[in-house]
Amino acid sequence: MFKRDGRMPQAAGSDPSGPKLSAFDQTNARLRAAMDELPEGIVLLDPEGRYIHWNKSYADIYRRSADLFEVGTKMVDTLRIGIARGDYPEAIGREEEWLADRMKRLATAGERHEQQLSDGRWIMIEERRMADGCTIGIRVDISEMKAREASFRLLFESNPVPMFVYDRETLKLLAANETARSHYGYSAARIATMSYPDIAGPHAARKNLELHAADQSGAGKHLRADGTIIDVATFSRAFVHEGRPAVIVSAIDTTERNRSEAQIAFLARHDPLTNLPNRTFFRERLEHLCADLALHPEGFDLMLVDLDGFKEINDTLGHAMGDYLLQNVASRLQELAPMAGLVARLGGDEFAIVNPRHAKSESAALLGHKIVTLLQEPYVIDGQQIRVGASLGIARAPTDGESPDVLMRRADLALYESKAQGSGKLTFFVPELDAALQARRQLEADLRDAIGNGELQVNYQPIVDLKTGQPRVMEALLRWNHPVRGNVPPSTFIPFAEEVGLICEIGAYVLQQACTDAMSWPADVAVAVNLSPVQFRRANVLAIVMSALASTGLPAARLEVEITEALLMDRSDQTLATLHALRRLGVGISMDDFGTGYSSLSYLRSFPFTKIKIDRSFVQSISTNPESQAIVQAIVGLGQSLGMAVTAEGIETADDLSYLQGTGCPQGQGYFFARPAPAAALDLGDHELPNDGRFAA
Ligand code: C2E
Ligand code: MG
Ligand code: MG
């Protein structure tokens, strides 16, 4: 009843015209047809190992040997022929041994094994004994799986990331790749004796175990063979390893990265000099505190601290000393830092403190006074005693504001007010300060516009030869005529322009205009221009002077620059160099308002002055005040002996004039001769002297 190929004739019913079959044959035919539908190769052998039946997939799997299959033929014989033809590459060179092994497996049946075919395919063989002694063999083409396995091995073994495989149930390590072995320092032999918890700790393995169904990424610590612990980012995944449920873990060592990230994060939020939180960090905390105001309605005080005279210390004693001082200030502030409070360095010599208001906190006023007092205590640095003051500005949340911006601005306004009042002051924000700020903003905008609108006009006031009445120099004095504000006095807008930095632009304009105007005056009349210390600090004074001279053609000897003591107090090498360079060009240098500041004689010696201008406060009382007389006389004498011209400012009356003439003061300036006037209205003729220059006192 079996056909030669061991396959059944067509099942009854599928071909109604075919021969009639018994019910048994029909069932048989159906079974065989069903077997042909299976993707696995199925073979049936009798107890002696002879072929009884094989399905379509079996014939297909062994297509090279299919011509040898015949019902009743012994499998061992077809194998032998197959071996001889080279159908089984694993048998080459050990034919008998291979065959014996194969037959032994067939005899013992029950164990799976793999077999390679000459075309490279891999077949998985499973054989089972049936009750009647027959054997049913199952064949599955596992070539694809084998290829996947091979590429997995390659990927695993040569992966640059350390990888481990462990048994999901016993947690025993099943494999560790080359990178893992070398990075962790465990030998392959040692790995074989270890469990995953030996590396990752008991917790990590359990966690992976619990979550084995999903892809898991995590961070943890791993132990290396030398006992060091490393930070790792792990990725675990459940899979089947050689038939066993397993977990594969790749572990990236993040120790270095974590360390440098932590360092970068710290640096980004702390001031390297004092280790205090910096502005960024402080700002974050302030944001949190503001967000928390609903929960803590009692609020907090924001205190800004600024050192008084820090710049001078830095300039005179050097930056290293300045740095030490800041560190000392920082630690004093930390001493006072309120419970749960915060101290930060916002930059330069500016610090901030948050004083949370809770049962045990001090009042802002008390804490503020403590801060001012403690910071004023002398500092001993490098055996040297240094003193520095501190000013404080305080804004209170939520009364003064509920956002970091508003609170910072208001505390800053209060600080600004403290500074304006002198050293060691403490100011609480009040709404009037805000109004003052508004006004300043408007003034700044107006002044900015004034530059472009032609509202700024340079006026000139003569400096006269007190013997002849001849104008020697015209001092350029700036006027601001604002359409609404009217005439704004320079004593208001010049310091303001200095504060907001506009003075550089304004100063360059005055210089240019003064040189231009001077070109239309007699060649023996010079022009004097006032320069602000801010210009020396922020702008290149030498360059703007040279460009004004070059573009107008004014000889350098016809230009005088007037500077005040405020500039010299900076004691900067840069300033001194600029003054010397100006002097070398031939530009005259006048010390303005002499007598009002420190009037240090050393200034007169160490800076290249060509003229001293005696401040008008000494001149205006000269005919009656003996002290002023003595001072003026001394200055005139000083000028003579140092070879500097002397000008008396603010001569208003004939009496002032005649007294000054009596002292031998060579030049004078004041309303008595002329008020400052626009270039077009200037009288460049000689001024009439009431006494013809003779001594009149
Ligand atoms: P300063 O350089 O000492 O100028 C002399 C000031 O005294 C001028 O005031 C002038 O008008 C005033 N004055 C002159 N004679 C008399 C007098 O007999 N009696 C009285 N009471 N005052 C007299 P002004 O023009 O108001 O300038 C004030 C200050 O503003 C100037 O003092 C100068 O420091 C500054 N300033 C003016 N223009 C400029 C400028 O273009 N640049 C800079 N940086 N400062 C300027
Ligand atoms: Mg002046
Ligand atoms: Mg002056």
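Whatever order the structure lists ligands and atoms in, that order sets their numbers, starting from 1. Excluded from the calculations below are hydrogen atoms, water molecules and symmetry mates; all remaining heavy atoms, backbone and side chain alike, are included.
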| task | Please determine if R410 and D405 form a salt bridge, counting it only when a charged side-chain N lies under 4.0 Å from a carboxylate O. | result | no
| query | Going by the order shown, which atoms of ligand 1 are within less than 4.0 Å of some heavy atom of Q620? | reply | 19 (N), 20 (C), 21 (N)
| remark: Among N, O or S atoms, E562 approaches the Mg ion (ligand 2) most closely through OE1
| If you measure every N/O of N530 against every N/O of ligand 1, is any gap under 3.5 Å? | yes
| field | From the candidates A674, P490, P676, the one that places a heavy atom nearest atom 29 (C) of ligand 1 | value | P490
| Would you call the rings of F609 and F607 parallel, tilted or perpendicular, where under 30° means parallel and over 60° means perpendicular? | tilted
| said: Heavy atoms only, cut-off 4.0 Å: how does L478 contact ligand 1, side chain, backbone, both, or neither? | reply: both
| note | Here the atoms of ligand 1 under 4.0 Å from any heavy atom belonging to G650 are 16 (C), 17 (C), 18 (O)
| query | Considering only heavy atoms from C-beta outward, does the side chain of D593 approach that of I614 to under 4.5 Å? | reply | no
| query | Got a second to check how far I635's CD1 is from M644's CE, nearest 0.5 Å? | reply | 12.5 Å
| request: Please determine if E417 and K425 form a salt bridge, counting it only when a charged side-chain N lies under 4.0 Å from a carboxylate O. | output: no
| query | Does an N or O anywhere in Q535 fall below 3.5 Å from an N or O of ligand 1? | reply | no
| field | Whether over 12 other heavy atoms sit under 6.0 Å from D573 CG | value | no
| task | Would you tell me which option among Q669, Q461, Q513, E475 has the nearest heavy-atom contact to atom 15 (N) of ligand 1? | result | Q461
| query | Salt-bridged, E505 to R448, with N to O below 4.0 Å? | reply | no
| said: Between W521 and Y460, is the ring centroid distance below 6.0 Å? | reply: yes
| Which one holds for V529 and ligand 1: side chain close, backbone close, both close, or neither close, with close meaning a heavy atom under 4.0 Å? | neither
| request: Take the Mg ion (ligand 2) as the vertex and measure to OD1 of N530 and OD2 of D592; round to 10°. | output: 90°
| query | Would one find an N or O of S491, backbone or side chain, under 3.5 Å from an N or O of ligand 1? | reply | no
| field | R479 and ligand 1 - part of the residue with a heavy-atom distance under 4.0 Å | value | side chain
| For E649, the ligand 1 atoms whose distance to one of its heavy atoms is below 4.0 Å | 3 (O), 5 (C)
| Considering only heavy atoms of E652, which atoms of ligand 1 have at least one such atom less than 4.0 Å away? | 17 (C), 18 (O), 19 (N), 20 (C), 21 (N)
| Proximal heteroatom of E475 relative to the Mg ion (ligand 2) (N/O/S) | OE2
| said: Check this for me: does any side-chain nitrogen of one of K613 and E560 sit under 4.0 Å from a carboxylate oxygen of the other? | reply: no
